[in-house]
Number of protein chains: 2
Amino acid sequence: MAKKKRVDEPACAVDYAFRRIGGKYKGRILWYLNARAVMRYGELRKAIKDITPKMLTQTLRELEDDKLIQRKVYHEVPPKVEYSLTETGAELIPFIDHLRQWGDRQMEKEAWPGISC
Amino acid sequence: MAKKKRVDEPACAVDYAFRRIGGKYKGRILWYLNARAVMRYGELRKAIKDITPKMLTQTLRELEDDKLIQRKVYHEVPPKVEYSLTETGAELIPFIDHLRQWGDRQMEKEAWPGISC
DNA sequence: CAGGATCCATAACGATACTG
DNA sequence: CAGTATCGTTATGGATCCTG
């Protein structure tokens, strides 16, 4: 998911795009950041209940390197860091939203309890 | 990507959807099947130049278990197997297309040689 | 032609403890 | 509060050879 992969050429635009938003948490992080506009590290951690600090940090860094999110540090005590979507990241939202709607329909069909994002 | 994962509840619809189309080749397979309507095993293998037979079979089976594609076997010699999208799989195409367009724009920005799907 | 089987490498992810 | 560091597990993908 990180640097390495992007070094070898993507086979095509679909391949390229999936590499950038693949991974277990990227979709959800982007979606949350869209819904709430700006979120602190701790808020994201609470929102994504199953994530560990390591994975959260790692995923946030990858998204940042990919210019899909922005990181703003407030140098104060206690520290405060805010994350938000970049323009490029925001362009992905319609896609994620449609995918989410599709997911909702499928989950109903399969009788999963519908869990809202 | 296979059964195991889908056993534990997805956190939400975004999580659910990403699980179903994640993986290195799923997006591209769905996209190709959409563009060409129906494809044989060997055609897919040629289209996805970097895939091994094992991965192709494995990915196709997962997509089939997920009811995103259909598999039609012709019992003749030499054997012939055709793959095509299901209704549910076809519903994903607009989103893959959207994502593909986004990928195209990004690749231009980064000055990757644009490789068409 | 369309795969199955086997073995292997690495990448992705996770638990836990600690820190500026 | 917002992370690091270290270590371990599992999932994913790959090479190679074989077959109805």
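Just so we're on the same page: letters track the sequence lines, and every chain starts at 1.
For E108(B), the side-chain contact (heavy atoms from CB on, under 4.5 Å) criterion is met by no residue, not counting sequence neighbours. Remark: Q101(B) pairs with D97(B) by the side chain to side chain donor-acceptor pair (under 3.5 Å) rule, at least two apart or across chains.
For the residue pair L30(A) and I93(A), the shortest heavy atom distance occurs at O-CD1, 3.7 Å.
No contact: Y74(A) has no heavy atom under 4.0 Å from any strand.
Axis angle between the ends of the helix from dC1(C)-dG20(D) to dG20(C)-dC1(D), five pairs each and rounded to 10 degrees, works out to 60°.
Atom CD of E91(A) sits about 4.5 Å away from atom CZ of R105(B), to the nearest 0.5 Å.
Residue pairs meeting the ring pair (Phe, Tyr, Trp, His ring centres under 6.0 Å) criterion with at least one partner in residues 57-97 of chain B, sequence neighbours excluded, are H98(A)-F95(B).
The closest donor-acceptor contact from the side chain of R28(A) to the backbone of I48(A) lies at 3.5 Å or more, if one exists at all. Judged by distance alone, with hydrogens and angles left aside, the side-chain atoms of Y16(B) form no donor-acceptor pair with the main-chain N or O of R100(A) at under 3.5 Å.
What separates CG of L56(A) from P of dC1(D) is a distance of 14 Å, to the nearest Å.
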Write out a two-atom table: protein N or O, nucleotide N or O from nucleotides 4-9 of chain C, distance below 3.5 Å.
residue, atom, partner, partner atom, Å
dG4(C), OP2, R61(B), NH1, 2.7

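For the segment residues 29-43 of chain A, the set of residues with a heavy atom within less than 4.0 Å of an atom of DNA chain D comprises R40(A), Y41(A), G42(A), in numerical order.
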